[in-house]
Amino acid sequence: MIELTGITRIFHMGEQSIYALDHIDLEIQNGEYVAIMGPSGSGKSTLLNVIGLLDKPDDGSYRLDGKTVTDLSEAEQAQIRREKIGFVFQSFHLVPRLTAAENIELPLILSGLAAAERKQRVNDTLRAFDLSDRAAHRPSELSGGQRQRVAIARATIMQPTAILADEPTGNLDHQIGVEVIALLENLHQTGTTLIVVTHDRELGDRAHRQLMLRDGKIMTDKKT
Amino acid sequence: MTLADTFFLSFKTVVSYRLRSVLIILAMTLGVAAVVVLTALGDGARKYVVNQFSSIGTNLLVVMPGRAETTGAFPGAVLGQTPRDLTLKDAQLLGRLPQVRRYAPLNVGEAELSASNRLREVTVLGSNEELIPIRHMKLAQGGFLKHGADYSAQIVLGSKLASEFFPLTSAIGQRIRLNERRFLVSGVLAPQGKTMGHNTDEIVIIPVEQAQSLFNTTSLFRILVEAKSHDAIEPAKEAILETLKQSHDGEEDITVITQDAILATFDRILHALTLAVAGIAAISLIVAGILVMNVMLVAVNQRTSEIGLLKAIGAPAADIRFLFFAEAMWLSTAGAAFGFLVGQLGSLMLRLAYPDLPAWAPAWASIAGITVALLTGILASILPANKAARLDAVQALSKK
């Protein structure tokens with residue numbers, strides 16, 4: 001469960017202080033499917049980054065699964081990201097030097113798993129995401145949809161409790177985007193929390209809960 | 001992340017940026033190789049000089065006319081300007097000292113050697129029969145001034161002269177002229193090549209009395225003295241100074257140089273020179289280290305979004321720091337290893353090109369070269385690795 005209380009994130013632009021997040025209070029239960037929407041600059045990506053422990057709030061407290069994580073050390077936060085959170089980005093963020101299989105393997109390497117078990121899990125994941133015949137290809141040899149599939153496979157291989165997707169279809173054409181969303185929704189079906197940042201209303205409407213942000217504040221919180 | 005995975009992952013990175021890695025490794029290689037080859041050269045030169053100096057004699061003392069105020073020669077001694085000459089009588093006095101095993105008076109000059117229509121200028125050494133053992137020369141044939149034949153007109157030819165003047169017959173027993181004086185060839189030196197700038201294959205040796213008469217002088221150029229043992233060198237020096245002081249009316253107007261002292265001096269000078277060239281070569285290593293730093297900083301910039309990703313998927317700062325650290329270690333270790341090999345190869349080629357030069361890189365130089373390479377590589381990676389580790393994940397991810 002994600003519990004945010006009074007979360008504030010301030011960016012300083014010269015003399016000006018901009019509230020990217022302005023005292024946000026938010027609860028997201030495990031297994032929810034949430035869309036965070038709003039115009040650009042409304043703070044939706046910042047909110048996602050704070051939830052994913054990539055960004056530190058300037059004020060407020062964040063409890064994840066009943067444990068306050070805002071004042072954990074850098075290494076402890078990294079461990080939580082590794083074990084509980086999977087990120088999916090608009091621009092995929094695959095390592096260009098590594099093959100699809102190696103990209104998927106990265107989180108396992110970071111967690112210090114033995115090579116034999118890593119191989120097993122990577123192979124299972126490749127099969128589950130229908131990427132087995134692309135295992136040895138580098139990102140530059142893959143299509144956009146395949147790249148995002150690799151990225152989602154990487155985000156899920158550690159079996160996180162939450163997948164955080166920031167405009168996951170932003171760089172894909174419509175048809176492929178639908179496939180990627182279907183893939184993410186499949187993961188949600190298996191019980192994973194799914195939080196998607198998007199400005200695409202159609203995509204947002206698929207979620208079971210829509211958060212509308214503006215100027216760092218939650219304007220509406222709609223459950224369908 | 002385990003240590004093995006860190007090294008494996010960074011190795012992959014090194015391999016995938018092939019050109020960049022090859023260039024840095026090349027820079028490191030050249031630096032280490034420069035240290036190895038230059039110290040091999042320096043130390044080879046040192047050993048060469050020391051060998052040359054040792055080869056001219058054992059426990060040798062050289063008596064020169066002219067006074068030295070303190071230890072070491074004053075300029076006049078080298079030029080032969082002196083208030084009082086050294087004489088044969090002085091030399092004989094030295095021969096009676098208990099610390100002295102043997103002595104050889106020495107006169108040196110140029111003269112024209114001629115026989116059977118052949119003619120050439122040669123360096124003439126005037127001495128006694130002890131010169132040959134004292135200077136570690138060897139006779140290939142015949143003898144020199146044996147059986148007390150002190151005043152006879154005997155001559156010993158260098159091996160090259162012997163074969164040039166008497167190509168078909170044995171030189172022994174042949175007659176030869178030196179500035180129109182007739183000499184009987186009594187011996188031929190074994191070929192030895194150059195020692196200390198003198199080519200002993202192209203000299204002739206005649207009795208010192210004959211040389212003095214030939215060059216119309218009564219003085220000696222040098223007296224070579226061999227002490228009985230290494231421990232006797234210093235007492236012999238004292239005794240020589242004392243004896244010749246008495247003989248020269250109480251005036252100390254000679255200089256005695258010991259081979260040992262010269263040897264030690266040359267050894268020190270050339271060792272210092274070797275250290276100096278090693279130091280200069282080490283500068284190139286430092287430069288290579290800075291190159292590593294530069295390239296690693298560029299790498300951090302290039303891979304900013306990748307670093308952001310690693311953070312997003314849960315790499316702690318320490319892991320990222322160590323990844324860059326390991327990458328620099330690979331580069332500098334490869335550079336050090338190749339540099340050592342190239343350096344050894346270079347020394348080998350030096351030895352093949354100049355067989356006289358024992359150009360072996362001293363162990364301390366190889367170890368120091370490799371250590372400095374690794375150290376600069378590692379030190380140079382600290383700044384880039386820290387920079388990578390401290391990157392803000394959100395900003396890093398947003399960079400294209």
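Values below: every heavy atom of this structure, side chains too, minus hydrogens, waters and symmetry copies. Owing to the predicted nature of the structure, the values given are computational and were not obtained by experimental measurement. Chain A is the first sequence line, chain B the second, and so forth, proteins listed ahead of strands; every chain is numbered from 1.
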Tell me which of these, A/Gln90, A/Gln77, A/Glu83, A/His93, has more heavy-atom pairs under 4.5 Å with chain B than the rest.
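Greatest number of close heavy-atom pairs with chain B: A/His93.
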Among the listed options A/Gly112, A/Ala115, A/Ser111, A/Ala78, the residue most often paired with chain B at heavy-atom distances under 4.5 Å
A/Ala78
To the nearest 0.5 Å, how far apart are [atom1] in [X] and [atom2] in [Y]?
X	Y	atom1	atom2	result
A/Glu102	B/Leu9	CD	CG	8.5 Å
A/Phe89	B/Ser398	CZ	OG	11.0 Å
A/Asp166	B/Leu397	CG	CG	9.5 Å
A/Leu94	B/Leu309	CG	CG	8.0 Å

With a cut-off of 6.0 Å (strictly less than), are more than 12 heavy atoms of other residues, nucleotides or ligands near [atom1] of [X]?
X	atom1	answer
B/Arg20	CZ	yes
B/Phe8	CZ	no
B/Tyr17	OH	yes
A/His199	NE2	no
B/Phe7	CZ	yes

Residues in residues 310-324 of chain B near chain A [non-hydrogen atoms, under 4.5 Å]:
B/Leu310, B/Lys311, B/Ala312, B/Ile313, B/Gly314, B/Ala315, B/Pro316, B/Ala317, B/Asp319
Does any backbone or side-chain atom of [X] lie under 4.5 Å from a heavy atom of chain B? Answer side chain, backbone, both or neither.
X	result
A/Leu98	side chain
A/Asn49	side chain
A/Arg138	neither

Side chain, backbone, both or neither: which part of B/Thr6 has a heavy atom under 4.5 Å from chain A?
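It is neither, since no heavy atom gets under 4.5 Å.
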Any side-chain heavy atom of B/Lys12 sitting closer than 4.5 Å to one from A/Val95?
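Result no, sub-4.5 Å side-chain heavy-atom pair not found.
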